[in-house]
Amino acid sequence: MSFKDRVISIVCKIPSGHVTTYGTVATLAGLSRGARLVGGILHFNIDDVPWHRVVNRHGFISTKCLEHPKLAQKALLEQEGIEVTSDFMVNLRKYGWFG
DNA sequence: CGAATGACCAAGC
DNA sequence: GGCTTGGCCATTC
């Protein structure tokens, strides 16, 4: 069991229709200051976790990946009932999940 | 095992 | 008020 596994576990527990932030995931995983690690971990496990439910502090999709994954994420979020603006931003105040 | 890396955050100019 | 800098710490090669 490692921080990585905890992060993955937590991300998988995010209820459908909700999103959370890197900082929140890091805190729930035990490292309130490990937001960066969460990003890196999700990067290495992009195929194993619903990373589309994790956004940065501003509610923006922070991936530096190609635009295609972003569109996929936007579609997935909307599919779950989450409003995503054309700027790939979600309303954390409304859809934010903090455990 | 050591050095580099990173999809963040908050404070400082 | 927007941009730049520094710190954080596990994972990876």
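We use all heavy atoms of the structure for the numbers below, so side chains are in, but hydrogens, waters and symmetry mates are not. Just so you know, these numbers come straight off a predicted model, no measurement behind them.
The main-chain N or O of A:Thr20 is never found under 3.5 Å from a side-chain atom of A:Thr24 such that the two would form a donor-acceptor pair. Judged by distance alone, the side chain of A:Asp87 and the main-chain N or O of A:Met89 form no donor-acceptor pair under 3.5 Å. The backbone N or O of A:Ile14 sits less than 3.5 Å from a side-chain atom of A:Arg53, completing a donor-acceptor pair. At distances below 3.5 Å, not a single donor-acceptor pair connects side-chain atoms of A:Asn45 with backbone N or O atoms of A:Asp48.
For CZ of A:Arg6, the number of neighbouring non-hydrogen atoms (other residues, nucleotides, ligands) closer than 6.0 Å is greater than 12.
Taking atom OH on A:Tyr22 and atom C1' on C:dG7, their separation rounds to 19 Å, with Å as the unit. Atom NZ in A:Lys4 sits about 5 Å away from atom P in C:dT12, given to the nearest Å. Rounding to whole angstrom units, CH2 of residue A:Trp51 and P of B:dG6 are separated by 17 Å. Rounded to whole angstrom, the span from the CG atom of A:Leu37 across to the P atom of C:dC8 amounts to 12 Å. Between the C1' atom of C:dT11 and the CG atom of A:Leu42 lies a distance of 12 Å, rounded to the nearest Å. Atom pair A:Phe44:CZ and C:dT11:P shows a separation of 11 Å (rounding to whole Å applied). Between the CZ atom of A:Arg33 and the C1' atom of C:dC9 there is a distance of 11 Å, rounded to whole Å. Rounded to whole Å, the distance from CZ on A:Arg6 to P on C:dC9 is 13 Å.
For A:His43, taking side-chain heavy atoms from C-beta onward, the closest of the listed nucleotides B:dC9, B:dA7, C:dA10 is B:dA7. Of the candidates C:dC9, B:dA7, B:dC8, C:dC9 carries the atom nearest the A:Leu31 side chain, counting heavy atoms from C-beta on.
With the nearest nucleotide of DNA chain C identified for both A:Ile41 and A:Arg36, A:Arg36 has the one nearer the 5' end.
At a threshold of 4.0 angstrom between heavy atoms, the contacts of A:Gly39 include nucleobase atoms, whether or not backbone atoms are also involved. Contacts of A:Phe3 with the nucleic acid, taken as non-hydrogen atoms under 4.0 Å apart, involve only primed sugar atoms and P, OP1 or OP2.
One finds a side-chain N or O of A:Ser2 lying less than 4.0 angstrom from the OP1 or OP2 phosphate oxygen of C:dT11.
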